[in-house]
Enquirer: 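Take a look at the following structure, please.
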Amino acid sequence: MRPKRFFIETHGCQMNAYDSGVVSQILQKCGYIETRNPQDADIVLINTCSVRERAERKALSRLGELAALRRRRGHMRIGIIGCTAQRLGENLVEATVQPDFIIGPDAYDSIPHALEALERDEAPYVNVERTGSAIYSFRPKVYQQVTAFVTIMRGCNNYCSYCVVPYVRGPERSKPHREIVDEIKHLVGLGVREITLLGQNVNSYNDGYADFADLLELVNGIEGLVRVRFTTSHPKDLSEKVIKQIGLLPKVCENLHLPLQSGSDRILKLMSRCYTLRDYLNLVEKVRKTVPEIALTTDILVGFPGETIEDHEATLEALRMIRFDSAFMFKYSVRSGTAASRLADDVSEEEKVRRLNEVIRLQNSVVDEKKKPLIGMPVEILIEGQSQRHPHHCIGRTRKNWLAIVPSKGVSKGEVVVANVASASRWMLICEGASRKVGA
Ligand code: 5AD
Ligand code: SF4
């Protein structure tokens with residue numbers, strides 16, 4: 001009999017990408033094999049995101065499309081996992097398009113039970129229990145990529161007023177440092193050379209033995225690993241010790257994601273972010289003094305309830321002052337159950353779009369200006385593989401996390417090379433003259 005096949009479609013953040021790996025591992029243990037084609041799959045899973053309304057709508061519309069495929073293919077089953085599964089839970093059973101199973105982020109260990117229930121024709125199987133304790137690890141048998149994510153903690157205790165994450169992902173918990181180190185060693189054994197440590201708030205990592213600064217040191221010591229990144233850092237928890245470690249530990253890249261959200265103190269307070277713009281600027285100054293080469297990236301949220309033109313101008317001014325290397329920019333969307341959902345969503349959609357475009361335009365011009373002086377400069381690139389878009393070129397990233405391509409002659413996947421920037425677009429450095437980095 002042909003082994004059963006599964007296909008996973010991942011929406012949302014890097015945490016979800018990691019979780020899809022975990023789920024794929026569980027399904028493989030149950031004898032399933034992964035396929036890249038949903039038309040060929042016995043089970044199609046959608047790993048969903050709830051952070052903005054649009055992401056959720058997208059997942060639900062995908063569910064509709066897959067249900068049409070299920071009608072045509074009879075035996076195919078659909079599973080909804082991730083944050084929307086958690087948030088909507090049993091309500092999804094009532095939906096016009098009924099999934100065959102609904103499993104929240106704390107309940108992935110129950111996937112084998114869901115498969116048994118499907119065998120017995122007992123759909124839909126629902127498990128959205130929020131144990132608040134689930135921690136998974138990713139130890140694939142084979143792994144093709146040079147970079148990998150490792151989730152070091154799950155959940156969040158911050159309850160920023162706009163954010164649904166603490167409700168769907170539960171309270172913060174740290175994975176034991178030994179497990180993290182073992183997991184990374186396993187991945188390095190499979191060819192991984194760069195790790196990104198993941199958590200909603202990595203700076204509050206603590207497993208009772210190691211805090212985040214200690215963990216960085218432990219990971220930096222892993223033989224064969226060449227780069228370490230981490231995300232996300234909440235400005236209120238970024239300690240001096242961690243800032244020093246970024247400067248000191250050679251494998252930790254000069255790259256820090258530090259979500260600002262707004263440049264207005266009034267809005268930051270309404271968001272329950274626990275810092276003022278001044279606090280944030282002081283932090284940036286400290287970081288840049290300790291690690292002058294640091295690339296700072298951020299998240300900006302426009303159109304929060306009650307945001308005035310003056311508040312918006314304060315955000316634009318903050319962007320001009322700080323000059324981030326890159327930013328993820330969003331317009332506010334109401335998430336039911338959050339504290340902000342009780343405030344009037346009083347910035348019109350049209351105005352949100354206008355403010356978002358203004359923020360994007362400004363940030364793009366900052367990035368363009370920052371890229372210009374790079375021309376002619378050497379950059380260190382970890383080669384991730386052949387470029388799909390640029391024939392005869394390999395693609396990789398610099399330590400600052402910028403995408404870069406180099407002619408593929410003489411370079412191979414997993415190598416660290418130094419090359420000169422010949423030209424730079426907003427999203428890509430085009431490099432030439434690559435030479436292999438000694439000792440990497
Ligand atoms: N609406 C829009 N953006 C949001 N984010 C979080 N919640 C919302 C929301 N309700 C953004 C924040 C956060 C990023 C991951 O998503 O900027 O840092
Ligand atoms: Fe959401 Fe704030 Fe937690 Fe980030 S720190 S996941 S924005 S509640």
Side-chain angles (χ1 to χ4, degrees), residues 11-19 48-58 82-84 86-87 105 132 149 151-174 196 198-205 212 230-238 256-264 267-275 280 283 296-307 311-312 315 318-319 324 326-347 349 351-353 355-356 359-360 363:
H11 298 215
C13 64
Q14 296 157 331
M15 297 272 195
N16 266 9
Y18 178 86
D19 283 0
T48 54
C49 169
S50 279
V51 82
R52 279 167 290 278
E53 196 203 342
R54 209 173 129 201
E56 211 158 66
R57 238 187 297 130
K58 195 170 139 204
C83 297
T84 304
Q86 185 66 42
R87 206 177 80 75
F149 300 124
T151 296
I152 61 164
M153 57 201 298
R154 298 179 74 86
C156 181
N157 291 345
N158 286 317
Y159 289 92
C160 299
S161 66
Y162 49 80
C163 186
V164 77
V165 168
Y167 303 90
V168 289
R169 289 216 159 231
E172 192 177 285
R173 65 217 94 133
S174 296
T196 303
L198 295 180
Q200 303 297 345
N201 186 13
V202 288
N203 291 277
S204 65
Y205 174 88
F212 186 58
F230 56 90
T231 193
T232 289
S233 295
H234 194 304
K236 77 175 168 57
D237 294 315
L238 180 63
L256 180 66
H257 188 63
L258 199 61
L260 169 65
Q261 311 297 0
S262 168
S264 153
I267 296 295
L268 286 171
K269 193 153 187 226
L270 286 170
M271 288 177 164
S272 310
R273 289 291 287 175
C274 310
Y275 54 83
Y280 189 96
L283 191 60
L296 273 182
T297 63
T298 202
D299 291 346
I300 297 290
L301 182 47
V302 305
F304 185 82
E307 187 189 71
D311 296 318
H312 173 61
T315 300
L319 290 178
F324 290 104
S326 150
F328 296 103
M329 296 159 277
F330 310 105
K331 57 186 167 70
Y332 171 74
S333 83
V334 186
R335 305 287 57 218
S336 78
T338 60
S341 70
R342 294 191 284 277
L343 304 172
D345 183 19
D346 55 1
V347 180
E349 181 59 22
E351 181 60 10
K352 279 182 190 165
V353 171
R355 290 182 195 179
L356 181 63
V359 164
I360 292 173
Q363 178 55 30

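Just so you know, ligand 1 is whichever comes first in the structure, and atom 1 is the first atom listed for that ligand.
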Enquirer: To which protein heavy atom is atom 5 (S) of ligand 2 closest, and what is the distance rounded to 0.1 Å?
Expert: Asn158 ND2, 3.4 Å
Enquirer: Ligand 2 versus Tyr159, non-hydrogen atoms closer than 4.0 Å: side chain, backbone, both, neither?
Expert: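 It is the backbone that gets close, since no side chain atom is under 4.0 Å.
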Enquirer: Considering only protein heavy atoms, which is closest to atom 1 (N) of ligand 1, and at what distance to one decimal place?
Expert: Ser333 N, 3.0 Å
Enquirer: Say whether Gln261, considering both its backbone and side-chain N or O atoms, lies within less than 3.5 Å of an N or O atom on ligand 1.
Expert: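 Gln261 vs ligand 1: N/O contact under 3.5 Å present.
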Enquirer: Within less than 2.8 Å of atom 2 (Fe) of ligand 2, any N, O or S from Cys160?
Expert: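 Cys160 does place an N, O or S atom closer than 2.8 Å to atom 2 (Fe) of ligand 2.
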Enquirer: For atom 7 (N) of ligand 1, what's the nearest protein heavy-atom neighbour? Residue, atom name and distance, please.
Expert: Tyr162 CD1, 3.3 Å
Enquirer: Quick one: do the Thr48 and His11 side chains pair a donor with an acceptor below 3.5 Å?
Expert: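 No.
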Enquirer: Atom 1 (Fe) of ligand 2: which protein heavy atom is closest, and how many Å away?
Expert: Cys163 SG, 2.3 Å
Enquirer: Is Arg169 close enough to touch ligand 2? Criterion: a residue heavy atom under 4.0 Å from a ligand atom.
Expert: no
Enquirer: For atom 4 (Fe) of ligand 2, which candidate among Gln200, Arg335, Glu172 holds the nearest heavy atom?
Expert: Gln200
Enquirer: Using atom types as modelled and distance alone, determine if a side-chain donor or acceptor of Thr231 lies under 3.5 Å from a backbone N or O of His257.
Expert: no
Enquirer: With backbone taken as N, CA, C and O and side chain as the heavy atoms from C-beta onward, which portion of Pro259 lies under 4.0 Å from ligand 2: side chain, backbone, both, or neither?
Expert: neither
Enquirer: Provide the closest heavy-atom pair for Thr151 versus Met153 in the form atom of the first, atom of the second, distance.
Expert: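 For Thr151 versus Met153, the nearest heavy atoms are CG2-O, 3.2 Å.
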Enquirer: Going by distance alone, is a donor N or O of one side chain under 3.5 Å from an acceptor N or O of the other, for Gln261 and Tyr162?
Expert: yes
Enquirer: Near Pro166, which atoms of ligand 2 are under 4.0 Å from a heavy atom of that residue?
Expert: 8 (S)
Enquirer: Taking a cutoff of less than 4.0 Å between a non-hydrogen atom of the residue and any ligand atom, is Glu53 in contact with ligand 1?
Expert: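 False for this residue.
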Enquirer: Just how far is it from atom CG of Leu296 to atom CZ of Phe324, taken to the nearest 0.5 Å?
Expert: 6.5 Å
Enquirer: Quick check: does any side chain N or O of Thr84 sit under 3.5 Å from a backbone N or O of Glu56, one acting as donor and the other as acceptor?
Expert: no
Enquirer: Nearest protein heavy atom to atom 7 (S) of ligand 2, by residue and atom, and its distance?
Expert: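 Nearest protein contact, heavy atoms only, for atom 7 (S) of ligand 2 is Tyr162 OH, 3.4 Å.
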Enquirer: Just checking, is any N or O donor in the side chain of Ser204 or Glu172 under 3.5 Å from an acceptor N or O on the other one?
Expert: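 A pair is found: one side chain offers a donor N or O, the other an acceptor, under 3.5 Å apart.
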Enquirer: Can you check which of Val51, Val165, Thr232, Asp299 brings a heavy atom nearest to atom 18 (O) of ligand 1?
Expert: Asp299
Enquirer: Do the ring planes of Tyr280 and Tyr275 sit parallel (below 30°), tilted (30 to 60°) or perpendicular (above 60°)?
Expert: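 Rings of Tyr280 and Tyr275: tilted, 30 to 60°.
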Enquirer: What pair of heavy atoms forms the shortest contact from Cys49 to Gly12, and how long is it?
Expert: CB-CA, 3.6 Å
Enquirer: Can you tell me which residue and heavy atom of the protein come closest to atom 3 (Fe) of ligand 2, and the distance to 0.1 Å?
Expert: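 The closest one turns out to be Cys156 SG, 2.3 Å.
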